[in-house]
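First the proteins, then the strands, lettered A, B, ... as listed; each starts at 1. The structure displayed is predicted, hence computed values, not measured ones.
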Number of protein chains: 2
Amino acid sequence: MPEAPPPRLDEIDALLLDLLQHDADRTLHDLGERVGLSPSAVQRRIARYRRDGLITRQVAVLDPHRLGPTVLATVLVTLDQESFEHHRAFAARMRADAQVQQCYRVAGPWDYVVVLASRSMRDCGRAGDRLFKADDNIRRYETLLVFDTVKTGLALPPPLP
Amino acid sequence: MPEAPPPRLDEIDALLLDLLQHDADRTLHDLGERVGLSPSAVQRRIARYRRDGLITRQVAVLDPHRLGPTVLATVLVTLDQESFEHHRAFAARMRADAQVQQCYRVAGPWDYVVVLASRSMRDCGRAGDRLFKADDNIRRYETLLVFDTVKTGLALPPPLP
DNA sequence: CGTCCGGACGCAATAATCTTGCATGCCCGA
DNA sequence: TCGGGCATGCAAGATTATTGCGTCCGGACG
């Protein structure tokens with residue numbers, strides 16, 4: 001079991017991680033200046049975050065509407081049969097689909113919240129059909145079309161001290 | 001008005017952007033090999049994406065549960081007064097709060113979908129109080145606690161050819 | 001049909017950044 | 001008080017990114 005206890009982080013770690021979560025292509029020199037460390041010390045800390053699996057990857061964030069027409073939607077989904085196997089199959093399908101940006105299994109009357117990214121309204125409808133309508137194990141789903149993205153990102157709040 | 005028309009992209013651009021969206025710290029050499037270009041050609045394309053605002057930033061993605069105990073939730077929110085000013089104020093508050101990871105304004109009976117990240121269940125409750133309960137312009141909100149993250153990321157599907 | 005021009009390319013030199021070996025200093029436990 | 005482990009800064013050394021230059025298309029125009 002590779003489930004190591006979360007490594008403990010000092011204040012500099014919190015600072016560094018916060019910086020990296022918002023802008024990961026600063027130089028080690030720049031980062032070092034901001035947190036009061038030398039570039040090599042910063043480099044070693046970051047290497048440790050990677051080893052520990054704390055930083056899983058680094059990604060480029062695109063502006064959806066610069067890429068062309070874009071339609072975002074959040075979809076609330078309730079499965080019919082709740083068996084383990086059905087859940088597994090549903091999750092696998094979400095993971096495999098390029099238009100599914102995020103998918104969370106949630107508590108309450110809805111089973112899943114899905115964030116869908118499409119290139120047109122029509123494309124969005126077809127994604128919904130493909131992902132939810134074609135699946136006869138889905139009891140109900142509701143599509144909430146996104147008018148406006150107020151805030152986006154994957155940043156996590158700093159650990160409680 | 002800095003709203004230039006979306007620059008047109010060839011197949012190599014689509015490939016590159018897809019690679020960068022999923023793993024942005026490959027070397028130019030590596031990227032070049034995968035798309036069949038020299039490192040410098042890749043570099044110039046990426047520089048152009050940045051200039052055009054297509055790539056807005058590069059971020060490190062953290063594993064929530066490696067950082068310590070983590071509670072995620074999606075919150076559905078309906079405002080009371082729908083005035084422009086009330087919406088602006090709400091949006092500003094979402095953007096300013098570190099525990100709000102994402103916030104979308106949506107169509108339908110709900111006005112907003114909010115993704116909340118907290119360090120404990122208690123913390124989550126307090127965030128909900130702070131963000132939604134203390135605001136007397138919120139008619140109703142519903143918190144969907146996240147059991148499991150099936151898929152995460154901010155990747156967009158490739159443009160239609 | 002020929003020429004010109006803009007844009008993208010590869011290569012190679014240069015510049016910037018990252019990585020690592022080493023010696024030092026600090027904190028903690030014996 | 002005396003180690004041992006660990007993080008640090010500094011200074012090479014290695015990798016990677018950037019840029020200047022000459023070339024090669026492909027379209028516009030004479």
Side-chain angles (χ1 to χ4, degrees), chain A residues 2-63 66-68 155 158-161, chain B residues 2-63 66-68 155 158-161:
Chain A
E3 205 48 62
R8 63 197 178 321
L9 306 172
D10 62 21
E11 195 172 330
I12 290 184
D13 290 315
L15 259 167
L16 265 181
L17 289 168
D18 191 56
L19 286 168
L20 292 171
Q21 280 193 107
H22 292 283
D23 180 2
D25 45 22
R26 300 177 185 283
T27 64
L28 298 176
H29 177 83
D30 180 5
L31 291 168
E33 244 171 24
R34 289 170 195 266
V35 304
L37 283 181
S38 72
S40 53
V42 173
Q43 196 273 344
R44 280 186 265 250
R45 282 186 186 238
I46 295 177
R48 183 162 60 79
Y49 305 150
R50 294 185 185 287
R51 273 204 321 278
D52 293 348
L54 216 164
I55 290 183
T56 60
R57 62 200 171 119
Q58 214 164 305
V59 302
V61 180
L62 305 190
D63 179 340
R66 283 285 190 196
L67 198 56
L160 294 175
Chain B
E3 204 50 63
R8 62 199 180 316
L9 307 171
D10 62 21
E11 196 172 330
I12 291 184
D13 290 316
L15 258 167
L16 265 180
L17 289 168
D18 191 57
L19 286 168
L20 292 171
Q21 279 193 108
H22 292 283
D23 180 2
D25 45 23
R26 301 176 185 284
T27 64
L28 298 176
H29 178 82
D30 180 3
L31 291 167
E33 246 172 22
R34 289 171 195 265
V35 304
L37 283 181
S38 73
S40 52
V42 172
Q43 197 273 341
R44 281 185 263 248
R45 283 186 185 237
I46 295 177
R48 183 163 59 81
Y49 305 151
R50 293 185 186 288
R51 272 206 320 279
D52 293 346
L54 215 163
I55 291 183
T56 60
R57 61 199 173 123
Q58 217 166 301
V59 303
V61 180
L62 272 48
D63 180 341
R66 285 285 192 197
L67 198 58
L160 294 178

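Residue B:R26 contributes atom CZ, which lies 14 Å from atom P of D:dT16 at whole-angstrom precision. Between the CZ atom of B:R48 and the P atom of C:dC9 there is a distance of 8 Å, given to the nearest Å. In this structure, the CG atom of B:D25 is 14 Å from the C1' atom of D:dT15, given to the nearest Å. The distance from atom CZ of B:R50 to atom C1' of D:dT18 is 13 Å, rounded to the nearest whole Å. Summarising the geometry, the separation between CZ on B:R51 and P on D:dT18 is reported as 13 Å, rounded to the nearest angstrom. Whole-Å rounding puts the A:L28 CG to D:dA11 C1' distance at 16 Å. In this structure, OH of B:Y49 is placed 15 Å from P of D:dA17, rounded to the nearest angstrom. B:E33 places its CD atom 15 Å from the C1' atom of C:dG10, with the value rounded to the nearest Å.
Of the candidate nucleotides D:dG9, C:dC18, C:dC9, C:dC9 has the atom nearest to the side chain of B:R45.
Using a 4.0 Å cut-off between charged side-chain N and carboxylate O, A:D10 and A:R45 make a salt bridge. The residues B:D52 and A:R66 are annotated as not salt-bridged, no charged nitrogen and carboxylate oxygen being separated by less than 4.0 angstrom.
Using a 4.5 Å heavy-atom threshold, the side chains of B:Y49 and A:L62 count as separate. Inter-residue side-chain proximity for B:L37 and B:L31 is flagged as unmet; no heavy-atom pair is nearer than 4.5 Å. A:R26 has its side chain out of reach of A:E33: every pair of non-hydrogen atoms, C-beta onward, lies at least 4.5 Å apart.
Contact annotation: side chain of B:R44 to base of C:dG10, donor-acceptor pair present below 3.5 Å. Under 3.5 Å, the side chain of B:S40 and the base of C:dC11 form at least one donor-acceptor pair of N or O atoms.
The phosphate of D:dA17 has neither OP1 nor OP2 within less than 4.0 Å of any side-chain N or O from B:Q43.
DNA chain C is contacted by both B:I12 and A:H29; B:I12 maps to the nucleotide lying nearer its 5′ end (nearest heavy atom per residue). Of the residues near DNA chain D, A:P39 and B:T27, the one whose nearest nucleotide (by heavy atom distance) lies more toward the 5' end is A:P39.
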